[in-house]
Amino acid sequence: MSSAVLKLSKTEIKKLKNYYADYLLNKKVPYSEFSAKKNGTSITAYTSGKVLFQGKNAEQEAARWGSSDPSAAKTSSSLPKNFASLAVLGSDEVGNGSYFGPLCVCAAYADKEHLDALKRLGVKDSKMLTDDQIRKMATAIKELIPYRLLVVSPEKYNEIQPKYNAVRMKVALHNQAIRLLLDQIAPTKPEAILIDQFTSEANYMKYVKQESQRIEQKIYFVTKGEQYHLSVAAASIISRASFLDELDKASLELGTKVPSGAGKPSDELAAKLLRQGGIDLLSKFAKLHFANTEKAKKMM
């Protein structure tokens, strides 16, 4: 079992609790703010400010919020000076932790001329925005800057997943989205490319070598990438808006609200779909390798 420990502020821990709202556990760990469990990873935030991640995806989950690896912590300081003011192609994904809905990966290019306009729109970390704000902002962003969005439906995800683990799948999608956007904006070349870090740089490079076409330009990796450049924040917002739209379409098709996340509401809906149409129906809407599938089977 892998583990990772972060030291976070009270404000950051509050954000964590809001983010993991669908995964909170009822048990009370001594001296803790909250406990949660997401996709096999336990998250415990202590009153001291330390947050412990334990489980098969511990390092990947911790990377959303910071780095416990001293060498990885240097990543942000390795960015070029005045990075926030450069013309950057940024990439981010949404939906990886949700049982229902697609995996959405977006690459967005924000040149120097559009940075002020993005700031005026209020572009920032999508986790700090309401769903309504995200939808409106995404529409405005897509009219303002070039982007490439890849949406992997649950059905397609289930087809790919046995061959690609979750990290390799995201590496392939980020590589493709960035490559397509570079072709789209050519002959313009970004001054830098930044991926919101979801795995170590070494791990990314290991997997990307298996792709038939790769990016030749240097790529930077940093957790909380939206804090370092608006291009990543814009990519996150576009991805999130697409994810929400797809959940709405699924809700309309099924005649019931399809939840985000991987909590109890997801288990209950999965069990209902299994009763209605078996695994074939469920596979059209959910990522079957999640633990929710087995939980739902037991609820039938």
Counting only heavy atoms not in [X], do more than 12 fall under 6.0 Å of its [atom1]?
| X | atom1 | value |
| --- | --- | --- |
| Lys17 | NZ | no |
| Lys10 | NZ | no |
| Lys209 | NZ | no |

Exercise for the section: Determine whether the aromatic ring centres of Trp65 and Phe53 lie less than 6.0 Å apart. Expected result: no
Handout entry: Ring centres under 6.0 angstrom apart (His174, Tyr204)
Key = no
Problem - side chain to side chain donor-acceptor pair (under 3.5 Å) contacts in which one or both residues fall within residues 270-284, not counting sequence neighbours - result: none
Problem - Residue pairs involving residues 181-190 (criterion side chain to side chain donor-acceptor pair (under 3.5 Å); sequence neighbours excluded) - result: none
Fill in the blank from the handout: Distance col, row Ile145:CD1 vs Asp111:CG, nearest 0.5 angstrom, shows 8.5 Å
Has the side chain of [X] got a donor or acceptor atom that lies under 3.5 Å from a matching backbone atom of [Y]?
| X | Y | result |
| --- | --- | --- |
| Asn39 | Ala262 | no |
| His229 | Leu86 | yes |
| Asn175 | Val171 | no |
| Lys156 | Pro102 | no |
| Ser251 | Val258 | yes |
| Glu143 | Ala140 | no |
| Asn292 | Ala270 | no |
| Asn165 | Arg168 | yes |

Handout entry: Salt-bridge present (Glu12, Lys15; N to O < 4.0 Å)
Key = no
Handout entry: No-hydrogen, no-angle side-chain donor-acceptor test under 3.5 Å, Tyr20 and Glu61
Key = yes
Practice task
Could you tell me whether the side chains of His289 and Tyr157 share a donor-acceptor contact shorter than 3.5 Å?
Solution key: yes
Within 45° cone and under 6.0 Å: [X] NZ/CZ vs [Y] ring:
| X | Y | result |
| --- | --- | --- |
| Arg240 | Phe243 | no |
| Lys37 | Tyr23 | no |
| Lys287 | Tyr99 | no |

